[in-house]
Amino acid sequence: MAKQDRAVRTRQELIRCAAETFYRRGFALSSLSEISGKAGVSTGALNFHFQSKRELGEAVEAAASETLRRITGPRPSRCPTPLQALVDTTHDLARHLSEDAILRAGFSLGNDATWPAGNVAPLWPEWESWVLGALTVADDAGDLAADVALDDAGAAVTAAVVGFEVLGRGDARWFSHRTVTRFWELMLPRLASAAIRGELDAGGVEAPAVPENRGDAGAICQAAGECRRRERRRVAKDRGAA
């Protein structure tokens with residue numbers, strides 16, 4: 001068992017070191033010898049876990065994709081509106097991008113012309129799809145202003161986060177809570193319906209992700225919507241009792 005645990009730790013360390021190297025040098029200029037040396041293992045040990053640099057890149061992308069799915073998973077506590085759930089998730093993603101080398105590398109591989117791409121779907125289209133799904137559910141819930149075009153709003157949010165990741169490579173302030181908050185301070189007055197505008201917090205509502213209960217945008221916002229309905233029923237009941 002101890003030997004198996006060591007193998008798992010070695011594999012994880014190789015993925016982490018590969019991610020840092022890919023992100024810093026790009027896929028083409030990264031070498032297996034550099035990655036194995038950074039991980040403190042021989043090239044032979046690396047080849048035991050990964051037969052090629054491409055296979056190692058796929059492992060980085062797969063690990064990053066798993067993290068992205070955790071970030072975009074349901075947040076049942078604090079019960080945000082669907083639009084608030086989107087705001088909170090962008091804050092969460094920016095924070096993870098600032099702290100998680102594997103997630104950063106997973107996104108950057110998608111923009112690396114030398115990356116031959118593997119069997120894992122690129123992360124940016126996955127994020128774009130989630131954003132559009134979240135906006136669709138927010139629109140169905142009446143959170144969006146009537147004249148908001150979903151495709152345009154989705155493109156704006158996706159492009160902003162892409163920009164944060166690219167600019168953050170040279171300046172970590174682009175990943176900061178302040179930067180994301182200012183973006184939403186500009187966006188929310190345009191996106192949100194008058195009915196909920198005062199309820200929204202551009203700074204995000206702290207609500208931890210739930211790794212064991214993942215889901216798509218519909219599941220996230222459906223849970224949030226149900227929580228809102230329960231709260232409205234409670235308020236109506238209290239008013240009736242009064």
Side-chain angles (χ1 to χ4, degrees), residues 61 64-76 78-98 100 103-104 106-111 120-168 174-177 179-193 196-197 199-205 207-211 213-225 228:
E61 210 165 44
S65 180
E66 180 69 15
T67 298
L68 180 60
R69 290 193 179 98
R70 286 201 301 272
I71 293 169
T72 55
R75 286 163 172 73
R78 302 294 294 271
C79 298
T81 66
L83 190 53
Q84 184 69 58
L86 174 59
V87 173
D88 296 348
T89 302
T90 58
H91 276 285
D92 204 8
L93 178 58
R95 179 175 61 81
H96 276 80
L97 282 169
S98 72
D100 190 331
L103 184 64
R104 287 196 302 271
F107 276 111
S108 68
L109 280 172
N111 295 326
V120 181
L123 267 66
W124 283 124
E126 186 176 341
W127 168 249
E128 180 183 19
S129 176
W130 187 88
V131 168
L132 187 56
L135 285 167
T136 299
V137 178
D139 191 36
D140 291 342
D143 283 3
L144 300 187
D147 60 344
V148 169
L150 291 179
D151 287 345
D152 292 346
V157 175
T158 300
V161 179
V162 171
F164 296 157
E165 190 277 323
V166 173
L167 293 167
W174 287 99
F175 295 134
S176 71
H177 179 265
T179 297
V180 181
T181 298
R182 287 181 136 183
F183 166 72
W184 282 114
E185 284 174 346
L186 287 170
M187 287 290 289
L188 286 176
R190 176 67 184 88
L191 285 180
S193 66
I196 69 153
R197 203 168 294 151
E199 303 175 23
L200 300 173
D201 184 351
V205 177
V210 185
N213 186 23
R214 305 179 188 110
D216 58 15
I220 297 170
C221 299
Q222 189 174 37
R228 288 176 71 197

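In this structure His91 satisfies the ring pair (Phe, Tyr, Trp, His ring centres under 6.0 Å) test together with His177, sequence neighbours excluded. With sequence neighbours excluded, the residues that form a salt bridge (Lys or Arg N to Asp or Glu O under 4.0 Å) with Glu126 are Arg69. In this structure Asp140 satisfies the side chain to side chain contact (heavy atoms under 4.5 Å, CB included) test together with Thr136, sequence neighbours excluded. Looking at residues two or more places apart in sequence or on another chain, you find a side chain to side chain contact (heavy atoms under 4.5 Å, CB included) between Thr67 and Arg70, Ile71, His96, Asp100, Leu103. Val148 meets the side chain to side chain contact (heavy atoms under 4.5 Å, CB included) test with Leu144, Ala145, Ala153, Arg190, Leu191; sequence neighbours excluded.
Counted within 6.0 Å of CH2 on Trp174, heavy atoms from surrounding residues, nucleotides or ligands total 12 or fewer; the atom is thus considered open.
Residues Val180 and Trp184 are in side-chain contact: their nearest non-hydrogen atoms beyond the backbone lie under 4.5 Å apart. Proximity of Leu68 to Phe107: side-chain heavy atoms (C-beta onward) are separated by under 4.5 Å at one or more points. Two residues are said to be in side-chain contact when any heavy atoms from C-beta on lie closer than 4.5 Å; Asp201 and Asp88 fail this criterion. Counting only heavy atoms from C-beta outward, the side chains of Phe164 and Leu97 never approach each other to under 4.5 Å. Thr90 places a side-chain heavy atom less than 4.5 Å from the side chain of Trp127. Taking the side chain as every heavy atom from C-beta outward, Leu93 and Phe175 never approach each other to under 4.5 Å.
Shown here for Ala192 and Arg197, the closest heavy-atom pair between the two residues is O-NH2, 2.8 Å. The shortest heavy-atom contact between Gly106 and Glu61 is O-OE2, 4.2 Å. Taking each heavy atom of Ala138 and Pro82 in turn, the nearest pair found is CA-CB, 3.6 Å.
The CD1 atom of Ile196 sits 3.5 Å away from atom CG of Asp143, with the distance rounded to the nearest 0.5 Å. Expressed to the nearest 0.5 Å, how far CH2 of Trp124 lies from CG of Leu109 amounts to 12.5 Å.
With respect to Val131, the side-chain contact (heavy atoms from CB on, under 4.5 Å) criterion is satisfied by exactly one of Thr72, Thr89, Thr158: Thr158.
Listed by first then second residue, pairs satisfying salt bridge (charged side-chain N to carboxylate O under 4.0 Å, His left out) with a partner in residues 179-189 number zero, not counting sequence neighbours.
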